[in-house]
Amino acid sequence: MATINDNYLKLKAGYLFPEIARRVKAFTEANPEGAARLIRCGIGDVTEPLPEACRKAMHDAVDELGDSSTFRGYGPEQGYDFLRDAIVENQYGGLGISADEVFVSDGSKCDTGNILDIFGKGNKIAITDPVYPVYVDTNVMVGNTGEADESGAYEGLVYLPCTAENNFVPTIPAEDVDLVYLCYPNNPTGATATREQLKEWVAYAKERNAIILYDAAYEAFVQDDSVPKSIYEIEGAKDCAIEFRSFSKNGGFTGVRCAYTVVPKTIMGTDAKGDSHPLHPLWSRRHSTKFNGASYPVQRGAAAVFSPEGKAQVSALIKGYMENAALLRETCEKLGLPVYGGENAPYVWVGCPEGIDSWGMFDQMLEKANVVITPGSGFGAAGEGYFRISAFNSRDNVEEVCRRITENLG
Ligand SMILES: *Cc1c(COP(=O)(O)O)cnc(C)c1O
């Protein structure tokens, strides 16, 4: 008799994106005309083609693999030096991160989930509300929570509300937590954390011996120079923070798959006896045992993001998406709705009109404007009353979405 991991039974069936898919399917089946007009601004996926520099690097790498003199088999599990060095040089210049603290992978979604492998049982976990659902579900899966209540909140998790009042950056909790997930620029709210706010979090983590799991998937969208792109810009963060970054949103690698995690050698955790151990060798061991490296052509493609052509092409992509965000912001502001985000992140976070909740807004946008948005409540209870519009789209689609929002909600 094979037993199962009972924790999986605690997971809520109504995961956000399947529910969106279900409603969209029901709508399109009943309304063929609406279906033909449908524009998706829901899931946070890029839409524009891969930068040419990345495509060329991948083609060349495939050709290398096609010749016995340049063929490569298994690579280093942690990533090729050419990519780790390029990451340090281009992303962490002056921040004191070394290449062997960078672990290349096939995605931040996996990394943010897998990182729990190296932590013990019984850690108190803090997540923001609203939140990227992966952090919650992976904690449920490993048994770090109890059951979900009616509102979908899990027993045992510490929810840190992010609201307009705190500019969508959580207030430092009074209680001790062991792991805290922070994501800035934020998905879904599009908010950023200031240097001062991150300093407070680093001070909290150091004082309480907590570890910050910092998701910087959207760092490339930061336009304002005063906004930190990395947690390591904050002094002391190398003693208490792991950072996750991805090529998905800057290089458009959501379908190509490449990301990396920075585990500084100075971060320590505590064993069952109370002795301290560095996390770096644990993650290194985990990574090389359960992962065999991102593919060679993909790592070449990722490294090309840092070539002069790659940098120019990525900037152009980001500029395009950020112009989309500005158009969406402007449209919603004109309607008198409270608008947040979209200035250093590809997501615009909008307050629903009086008397309409998040799913009500979702249905209205779907039925009247034939536009798919994401209901804020799907990211957590504190997201109720908001909706997220993604700026990941073609300009034509965004202009059309703006017209339809104005016509149907104005
Ligand atoms: C898109 C996204 C990522 C990137 O995930 P990948 O698996 O690297 O594609 C990570 N974190 C957040 C919050 C995201 O929205």
Side-chain angles (χ1 to χ4, degrees), residues 15-17 20 40-48 50 54 79 83 87 91 102-116 126-139 160 162 168-170 179-193 212-222 229-231 241-262 287 291 293-295 298-299 301-302 305 314 317-318 321 325 341-342 344-349 373-374 376 378-380 383 388-393:
Y15 178 75
L16 174 61
F17 293 106
I20 290 178
R40 292 173 194 273
C41 300
I43 294 185
D45 195 359
V46 297
T47 55
E48 301 311 289
L50 279 179
C54 303
L83 181 55
I87 288 168
Q91 301 290 84
V102 175
F103 295 84
V104 175
S105 76
D106 59 356
S108 282
K109 185 185 198 178
C110 332
D111 288 346
T112 54
N114 290 334
I115 197 74
L116 292 174
I127 55 142
T128 60
D129 174 13
V131 73
Y132 180 54
V134 175
Y135 314 148
V136 176
D137 288 358
T138 52
N139 273 288
L160 307 171
C162 295
F168 305 99
V169 178
L179 296 179
V180 54
Y181 292 80
L182 295 177
C183 171
Y184 290 98
N186 189 259
N187 176 11
T189 65
T192 52
I212 297 172
L213 300 174
Y214 196 76
D215 186 340
Y218 296 95
E219 57 79 26
F221 294 83
V222 171
K229 293 184 154 206
S230 168
I231 189 74
I242 291 173
E243 181 162 291
F244 303 94
R245 286 196 184 188
S246 173
F247 292 94
S248 283
K249 311 297 162 46
N250 61 344
F253 273 43
T254 54
V256 177
R257 312 303 305 141
C258 197
Y260 51 98
T261 294
V262 179
H287 205 67
F291 186 61
S295 95
V298 163
Q299 291 191 59
V305 161
V314 167
L317 272 176
I318 290 182
Y321 289 134
N344 295 287
Y347 299 118
V348 181
W349 186 246
I373 47 126
T374 318
F379 298 102
R388 186 191 78 175
I389 318 183
S390 166
F392 289 131
N393 227 318

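We count ligands from 1, going down the list as the structure has it; atoms in each ligand are counted the same way. Keep in mind that what you see is a predicted model, and the values were worked out from it rather than measured.
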Close-contact set for ligand 1 against [X] heavy atoms, below 4.0 Å:
X      : value
Tyr218 : 1 (C), 2 (C), 14 (C), 15 (O)
Gly107 : 7 (O), 8 (O)
Asp215 : 10 (C), 11 (N), 12 (C), 13 (C)
Lys109 : 5 (O), 6 (P), 7 (O)
Ser248 : 6 (P), 8 (O), 9 (O)
Ala217 : 3 (C), 10 (C), 11 (N)
Arg257 : 6 (P), 7 (O), 8 (O), 9 (O)

For Tyr214 together with Phe244, are the ring centres under 6.0 Å from each other?
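No, they do not, as the ring centres are separated by 6.0 Å or more.
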If you take the centroid of each ring, where Trp contributes its six-membered ring, are Tyr260 and Phe247 closer together than 6.0 Å?
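They qualify: ring centres under 6.0 Å apart.
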Can you tell me which residue among Asn250, Ile87, Leu83 is in a side-chain contact (heavy atoms from CB on, under 4.5 Å) with Val305?
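That would be Asn250; it is the only one of Asn250, Ile87, Leu83 passing the side-chain contact (heavy atoms from CB on, under 4.5 Å) with Val305.
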In terms of relative ring orientation, are Phe379 and Phe17 parallel, tilted or perpendicular, with 30° and 60° separating the classes?
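Geometry flag for Phe17 against Phe379: perpendicular rings.
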Can a donor-acceptor pair be found between the side chains of [X] and [Y] at a distance below 3.5 Å?
X      : Y      : result
Asn187 : Arg388 : yes
Tyr347 : Tyr218 : yes
Asp111 : Thr261 : yes

Could you see which bit of Ser108 sits under 4.0 Å from ligand 1, with heavy atoms only: side chain, backbone, both or neither?
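Under 4.0 Å from ligand 1, Ser108 contributes backbone and side-chain atoms.
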Is Phe247 touching ligand 1 with its side chain, its backbone, both, or neither, if touching means heavy atoms under 4.0 Å apart?
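Under 4.0 Å from ligand 1, Phe247 contributes no heavy atoms.
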For Arg245 against Ala259, the heavy-atom pair lying closest together:
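Of all heavy-atom pairs spanning Arg245 and Ala259, the closest is O-CB, 3.2 Å.
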Closest non-hydrogen protein atom to atom 2 (C) of ligand 1, residue and atom name please, with distance?
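Its nearest protein heavy-atom neighbour is Lys249 NZ, 2.5 Å.
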N/O to N/O below 3.5 Å, does that happen between Tyr135 and ligand 1?
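N/O-N/O distance under 3.5 Å: no.
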